[in-house]
**Student:** 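One structure is given below, represented as C-alpha cells, and several questions about it will come after.
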Amino acid sequence: MSCFLIGSPVPGMMIRPKGDQLEIRYSMSDPESWNGFVQNLNAFLSSYNDSHQVQLNDDCPPDQYFIQEDSGEVRNNPKRSCQFNRTMLGDCSGLEDRFYGYSKAQPCILIKLNRVIGMLPGKDGQSPYVTCGAKLYKEDDAEWGGKEDREKTGPLAYFPVNATFNLMYYPYYGKKAQVNYTQPLVAVKFLNASLNTDINVECKVTSNTLLAGSERDKFAGRVSFKLRIDGQEAQ
C-alpha cells in the first residue's frame, strides 16, 4: 500500500540555468557572458526532447494524479511516468530561439520543485502554480524594498502559460521505482527588464494542500535570485 503526503511542507525550489550564488548576470553585447547559461539550459533540457519523451513516457490526462498502486506485497514496478515535452516551454524551449532570449535581453529562467516521494501538491483538480516578481523584504512585520524592483522587473511570460506543475506528474515514487520520471518545469521569461541595474526577483509556488514555508527557510516553496542585464537602452 502506498503512503501519500497531503498537507506536507512545501518543498524547496531551484532555478536553471545555474548562476554564481543565484545570480544571472551578463552583457547582451558579449556572447561569452551568456553562452554558459545557454549551454547549461541545453544540457538540462536534453532529456525533455519530445522524441525522447514519446519513447519513454505516457501521454497522461491532465489535472489528475497518476496513481499506480501496488498489489499487496507485489510491487507495481517499474512505474510509468508522464511526458513533459520540451515544446511545452514555448519561447523558453530553446527550439524557436536557441539563445533562450539572452541575446535580446529577454532571458528565460526555468523553475523546478524539489522531488518529494508521495507528495500530493493539490486537490480538486487544482495544480500548484508559480508566480514571480520583485522580492519583498520583511522587517518587524513590515514589507519594504519591492517597489523599485517591481518597476525594474517589467512584464513576465510563463510557460506552460498557466505556470502550473500539473497534478499528472504526481505522486513521485522514487528513483528506483520510477526510473524515467521527468520533473515538471515552469519557465518565466522577462520581456522588458530594466538594463544596467540589479533586479531582486522571487518566485514562489502556491498550492491548496502544501503548507506554506516559514520565513526562516528561504528555499521552502520559493527561490530568490538576482538578475542583471548590461546593455544599451533602446532609443
Side-chain angles (χ1 to χ4, degrees), residues 8-26 34 36-48 53 62 82-95 97 99-102 106-116 119 121-122 126-136 146 149-150 153-170 172 181-191 193 199-210 212-213 217-229:
S8 57
V10 64
M13 294 176 70
M14 297 297 291
I15 64 168
R16 294 290 185 275
K18 288 182 176 180
D20 183 30
Q21 300 296 320
L22 287 176
E23 289 190 8
I24 305 295
R25 181 186 298 262
Y26 71 96
W34 47 261
F37 296 139
V38 170
Q39 297 305 319
N40 184 282
L41 290 171
N42 282 338
F44 179 72
L45 289 175
S46 62
S47 63
Y48 289 84
Q53 289 292 312
C82 297
Q83 295 176 21
F84 189 101
N85 296 313
R86 188 168 177 170
T87 48
M88 295 167 63
L89 296 175
D91 291 348
C92 290
S93 66
L95 301 174
D97 173 7
F99 299 135
Y100 301 92
Y102 282 79
Q106 294 186 326
C108 291
I109 307 292
L110 305 184
I111 303 161
K112 64 188 185 79
L113 273 179
N114 290 343
R115 301 181 188 190
V116 176
M119 181 180 70
Q126 296 181 28
S127 300
Y129 61 92
V130 170
T131 53
C132 298
K135 179 175 175 58
L136 298 177
D149 281 321
R150 277 198 299 273
T153 302
L156 306 173
Y158 296 94
F159 305 94
V161 291
N162 56 9
T164 62
F165 297 114
N166 200 279
L167 296 182
M168 66 181 172
Y169 300 106
Y170 303 95
Y172 172 56
Y181 181 75
T182 303
Q183 209 159 352
L185 306 171
V186 170
V188 58
K189 185 176 183 69
F190 292 80
L191 300 177
I199 307 172
N200 296 298
V201 181
E202 182 175 74
C203 297
K204 59 184 179 180
V205 65
T206 299
S207 161
N208 60 9
T209 62
L210 298 177
D217 189 349
K218 61 182 180 178
F219 292 112
R222 58 191 169 184
V223 61
S224 300
F225 58 94
K226 185 175 291 183
L227 175 67
R228 184 185 179 99
I229 309 168

**Student:** Between N85 and T87 (side chain of the first, backbone of the second, donor and acceptor by atom type, cut-off under 3.5 Å), is there such a pair?
**Tutor:** no
**Student:** Identify the residue among E202, K204, R222 that makes a side chain to side chain contact (heavy atoms under 4.5 Å, CB included) with T131.
**Tutor:**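 Of all the options given, the one that passes is K204.
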**Student:** Could you go step by step and tell me if L45 and Y100 meet the side-chain contact (heavy atoms from CB on, under 4.5 Å) rule?
**Tutor:** CA-CA 12 Å; L45 289 175; Y100 301 92; 3.9 Å; yes
**Student:** With sequence neighbours excluded, what pairs up with S93 under the side chain to side chain contact (heavy atoms under 4.5 Å, CB included) test?
**Tutor:** R86, L89, L95
**Student:** Do P107 and I229 have side chains that get closer than 4.5 Å, going by heavy atoms?
**Tutor:**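 Yes. Closest side-chain heavy atoms under 4.5 Å.
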**Student:** Is there any side-chain hydrogen bond (donor to acceptor under 3.5 Å, both in side chains) pair reaching into residues 182-191, and which pairs are they, with sequence neighbours excluded?
**Tutor:**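 The answer is Q53-T182, N57-T182, R115-Q183.
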**Student:** Could you check if a side-chain atom of S224 sits within less than 4.5 angstrom of a side-chain atom of V201, using non-hydrogen atoms only?
**Tutor:**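 Counting from C-beta outward, S224 and V201 never come under 4.5 Å.
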**Student:** Does the gap between the ring centers of Y26 and Y102 come in under 6.0 Å?
**Tutor:**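 When the ring centroids of Y26 and Y102 are compared, they turn out to be within the sub-6.0 Å range.
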**Student:** Let me see the working for V205 and Y129 under side-chain contact (heavy atoms from CB on, under 4.5 Å), right down to the final yes or no.
**Tutor:** CA-CA 5 Å; V205 65; Y129 61 92; over 6 Å; no
**Student:** For a quick check under 3.5 Å, do N162 and T164 share a side-chain donor-acceptor pair by atom type?
**Tutor:** yes
**Student:** Which label fits F84 and Y169: parallel for a plane angle under 30°, tilted from 30 to 60°, or perpendicular past 60°?
**Tutor:** tilted
**Student:** Sequence neighbours left out, what passes salt bridge (Lys or Arg N to Asp or Glu O under 4.0 Å) with R228? Give chain and number order.
**Tutor:** D198, D230
**Student:** For the NZ atom on K112, are there more than 12 heavy atoms of other groups (residues, nucleotides or ligands in this structure) within a distance under 6.0 Å?
**Tutor:**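 Enclosed: over 12 neighbouring heavy atoms sit under 6.0 Å from NZ of K112.
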